[in-house]
Amino acid sequence: MKQFYDHAEIEKKWRARWQELSLYSVDPTTADEGSAYYCLDMFPYPSGDGLHVGHWRGYVLSDVYARLARLKGKKVLHPMGFDAFGLPAENAAIKTKTHPKDYTDQAIANFTKQLQQLGASFDWSKTVNTSSPDYYRWTQWLFLQLYKHGHAEKRDGQVNWCPKDETVLANEQVVDGKCERCGTTVTKKNLSQWYFKTTSLAQELLDGLDQVNWPEHVKTLQRNWIGRSVGAELSFESPAGPIAVFTTRPDTLFGVTALVLAPEHPLVDKLVSPEQRDAVTAYLAEVRSKTNIDRQQQKETAKTAVFTGAAARVPLSEKDVPIWIADYVLMDYGTGAVMSVPAHDERDNQFARTHNLPVVPVIQSDRSTVETDPALVYEGDGVLIDAGEFSGRVASEVVSDIVAAANGKTVVTYRLRDWLVSRQRYWGAPIPIVYDPDGTAHAVNEEHLPLELPTDVDFLPGGESPLARSAEYKERAEKLYGKGWRFETDTLDTFVDSSWYFLRYLTPNDATKPFDKQLVKKRLPVDLYIGGIEHATLHLLYARYIARFLTKYGDDSSEPYLDPSVAEPFKQLFNIGMITLHGAKMSKSKGNVVSPDPLIEHYGTDALRGYELFVGPMDIEAEWSVNGINGIHRFLIKLVEEVRDSANTESNISEEDFDTYLRSIDSMYEGFRLNTVIAEAMKFLNKHTGHVSSEIMQKFAVTLYPIFPYISEEIYSLCGGNKDSVFFAPWPTPTTTVQQARVTVLVNQKFVGTVQVGEDAAEAEVLDVARDAGFVPNNVQRTIYKPGIALNLIAPQE
RNA sequence: GCCGGAGUGGCGAAAUGGCAGACGCACCAGCUUUAGGAGCUGGCGCCCGCAAGGGUGUGGAGGUUCAAGUCCUCUCUCCGGCACCA
């Protein structure tokens, strides 16, 4: 049968035709607001390993929606580019002793070729490459705008350090205490680094989630990551001055038995008494030697801590409590100081019991009144006891009174940390900062952008940026800015590159500005963004932050860089389920990569596209098994055979039949249920084999085109489709009216079947239809009709 | 611990509260054959039965309803995320 479906021939023919017609190249300026459709893939990191069948799934999915939108009359922008800076290229280059640029350019060439095999409708005239100076000059420009508005700043702090990659990492890049890229256990280091102040937009980032059509679990991940909590800041007097304490439970103030500071708290040194000096010094040294992992593991064990020798006065109660230092208190959350209430907080309780501090219950509960076990912690609500003038009142109801009486203020705190963007690596965009001879930072002049990567360096990592070893880079700074001036030698996190690429796709070659504000307003937000869940708290958060920044701040005038309508850049997000093999994500290092090449060779691109979608629901992980592709292939063969036969067959397909099919797949396409779209198409063909007329087949081909573009073109043209390509065909619309209501027929309260009737059908009409369907017994005495829902027939029992 | 999501044949999975298992894979039987790991026809949840047919069935226990995989309550298991965040 194969001679009738020569996929290689068909693909070759139509690929050439598409090329000739420049079908997928879109001028973004032509669309009006209503017809613009932006279908975006999370752009890939071009690794030398190439594409596997897992990568395919997302690109096929986005292509389906790009083509579908086109058939429905949209002016579709469907670009593809490369997130080309980053560690893997650098590491691969080190390993193979090539330059990262050569490695990357080659990988991009290879990727491009492989992406073209997909038969996807990418507009390659819009492509971007983040490692190209034409692109990263604008990444640097972006940094300078953030700097100008106080959103980029350099500061000392304890940072996550990956000893293997020899670079710092952002909080989001540390997963389970390990480096997201290489899995090495992350350690701490004190370094002066550049940060973007994501925390200053935390509330906006949280609120914006309510406006986007994203999967609920992704929104939840971001909400958890931002981690808003409302509490109060109270001031405790100490010998070293007032100490601010953040708490979410001001109602437990009277139960405070200690004040605990983070080891890095600035007042530690001033507070320590001479007798405790040695003990504190030893403890701080011990803390410094611990990794994050060590520190976290104490959660289950005892809490280490040391007494400072000083005391603090608790507001309102005016009691004096000891001041301790413990590493379970984090300097970068809240104020770095915690009021310890062991009776009503699990951690404080562990701490207090380890160090023999008193446990004082101040909220009455069944347990605390009856029991005397200090290990019992009651975190719920209740009536206050031993709480001065507040005794006898309900804890949750006196929070604001206590805050006011203690001269505190209500504050909101976030778990989100600022985004650490410095990297001590070579293959990234140089941070456009120059230091004067005194070491003061200055923005690089915009006319000096792009600040290009020096090429005269050995880029082996060594704990400081390879850029610091470049003689040329040093000379360049002095030449431009004067003797003793030097450039910042760290490079930017690659997530900065990818935080704005979707803006650049509209004007990828504009040498005068990073993006066109008016065009962006017209084309964004992105209508459909497709990518993996792994970016839920990385890329998606960073890109939202940058978009927020650009819509909030502007050049010199009051006008923002971007129209506020783009504050949420991704209107709809779809998370593509990963393809696994033997339960694991495909990767070359695990050796479980399935290449698409032999499958394309044997079954064709269309069959592989279809199978990628048919393996299961698109948002669910799917285990790869090659067996199923046969079924898709057989369907395509049948399709071609049907076309061969259709010239001289009489159709037995009513308009209703086709419309029923059409309505089903329409709603399935809408709901991303592409596995069932394919199932419906199979069902339709199976049912009507031998009886599909050319006319119906033409329409059928259009409905299959988003998924199977090559074969659809072929059968469309064989059936007399009179356009150059299905691309210009209209999406079929139903010609018949639908029978809206499905009415249930019951006899003596017992279900006998359902009938389809018009939405506002009268009882008599429903009864007629039910009788025709054989549901109505002869001896019906009475009928009860709930319009549009159920028809109950009462008949005497035999 | 907190927050999400999911449990349906041998497998991937379908099912606006209305005849569970569509569609496909695998398997079985028969046919065909120019070889088959090709094609065609039929069968295929489980139990009883030669069959017609009957019973039973969507992790478990209750409930709502004429009717529940679907809605409600409780519960078990698995997956994902966050977690010493005050």
Side-chain angles (χ1 to χ4, degrees), chain A residues 1-2 175-176 215-229 231-233 245-250 252 256 259-260 262 295-301 303-304 326-341 344-351 379 413-417 533-534 536-537 575 578 583 610-611 614-617 619-635 637 664 667-668 673 675-686 740-755 784 786 789-790 792:
Chain A
M1 293 301 143
K2 273 217 189 105
V175 178
D176 290 335
E216 207 47 49
H217 71 280
V218 180
K219 291 200 218 180
T220 304
L221 288 183
Q222 288 217 352
R223 288 194 185 106
N224 289 348
W225 191 262
I226 294 166
R228 180 181 198 266
S229 67
E233 206 171 288
V245 170
F246 175 73
T247 177
T248 54
R249 293 296 301 275
T252 62
V256 172
L259 183 64
V260 190
R295 218 165 140 165
Q296 272 165 24
Q297 268 163 2
Q298 287 179 89
K299 191 169 45 169
E300 277 88 35
T301 60
K303 293 204 169 355
T304 64
D327 66 354
Y328 80 90
V329 178
L330 309 171
M331 192 56 226
D332 56 359
Y333 183 80
T335 60
V338 170
M339 59 182 221
S340 179
V341 186
H344 305 294
D345 182 278
E346 188 65 47
R347 295 152 305 179
D348 294 344
N349 188 272
Q350 274 183 33
F351 161 74
E379 296 187 336
T413 304
Y414 301 90
R415 206 190 71 92
L416 183 74
R417 303 297 200 273
I533 186 71
E534 65 273 18
T537 53
N575 269 120
M578 209 171 48
Y611 184 59
F614 194 64
V615 283
D619 55 344
I620 308 272
E621 204 174 277
E623 171 72 13
W624 185 260
S625 137
V626 77
N627 291 331
I629 198 172
N630 278 322
I632 303 286
H633 190 227
R634 270 198 275 270
F635 167 71
I637 292 169
S664 303
S667 73
M668 288 165 179
R673 283 139 54 213
N675 53 332
T676 61
V677 168
I678 295 171
E680 283 299 304
M682 288 173 164
K683 204 158 75 174
F684 184 81
L685 187 63
N686 289 348
Q740 288 287 351
R742 184 159 67 182
V743 174
T744 300
V745 184
L746 307 165
V747 175
N748 297 329
Q749 303 281 49
K750 199 166 150 49
F751 176 86
V752 292
T754 59
V755 292
I784 304 159
K786 288 188 218 170
I789 299 168
N792 199 350

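Each chain gets a letter, A, B and so on, in the order the sequences are listed, and its residues count up from 1. The analysis underlying the following values was restricted to heavy atoms, covering all of them including side chains, and did not include hydrogens, waters or symmetry mates. Worth saying up front: this structure is predicted, and the values here are computed from it rather than measured.
Of the candidates B/A86, B/G39, B/G24, B/G39 carries the atom nearest the A/R634 side chain, counting heavy atoms from C-beta on. Between B/A14, B/G24, B/A86, one nucleotide has an atom nearer to the side chain of A/F614 than all others, and that is B/G24. Out of B/A86, B/G4, B/G81, the shortest distance to the side chain of A/L221 is found at B/G81. Closest approach to the A/M682 side chain among B/A22, B/C3, B/G24 is made by B/G24 (side chain taken as heavy atoms from C-beta onward). Considering only the side chain of A/I620, B/A13 comes nearest among B/C84, B/C82, B/A13.
Rounded to whole Å, the P atom of B/C47 lies 10 Å from the corresponding atom of B/G10. Of the P atoms belonging to B/G69 and B/G59, the separation is 10 Å, rounded to the nearest Å. Here the separation of B/G63 from B/G57, taken at their P atoms, is 15 Å to the nearest Å. Rounded to whole Å, the P atom of B/C31 lies 25 Å from the corresponding atom of B/C46. Rounded to whole Å, the separation between the P atoms of B/C3 and B/U56 comes to 40 Å. B/G45 and B/C11: their C1' atoms are spaced 13 Å apart (whole Å). Taking atom P on both nucleotides, B/A6 is separated from B/G17 by 15 Å, rounded to a whole Å.
If you check every strand for non-hydrogen atoms under 4.0 Å, A/S229 touches sugar and phosphate atoms only. Here A/R417 lies in heavy-atom contact (under 4.0 Å) with a base. Within 4.0 Å of A/D348, counting heavy atoms only, lies no atom of the nucleic acid at all. Among the atoms of the strands shown, none is found under 4.0 Å from any heavy atom of A/D332. Among the heavy atoms of the strands lying under 4.0 Å from A/R673 are primed sugar atoms or P, OP1, OP2 only; no base atom is included.
Here A/R249 does not reach the OP1 or OP2 of B/A86: none of its side-chain N or O atoms lies under 4.0 Å away. For A/N575 and B/G80, the shortest distance from a side-chain N or O to OP1 or OP2 is not below 4.0 Å. One finds a side-chain N or O of A/N675 lying less than 4.0 angstrom from the OP1 or OP2 phosphate oxygen of B/A14.
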Practice prompt. Report the C-alpha distance between A/N630 and A/Y611 in whole Å, list the side-chain angles of each, state the deciding distance to 0.1 Å, and finish with yes or no for side-chain hydrogen bond (donor to acceptor under 3.5 Å, both in side chains).
Written response: CA-CA 9 Å; A/N630 278 322; A/Y611 184 59; over 6 Å; no
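Classified by its glycosidic torsion, B/G9 falls in the syn category, the angle being within 90° of 0.
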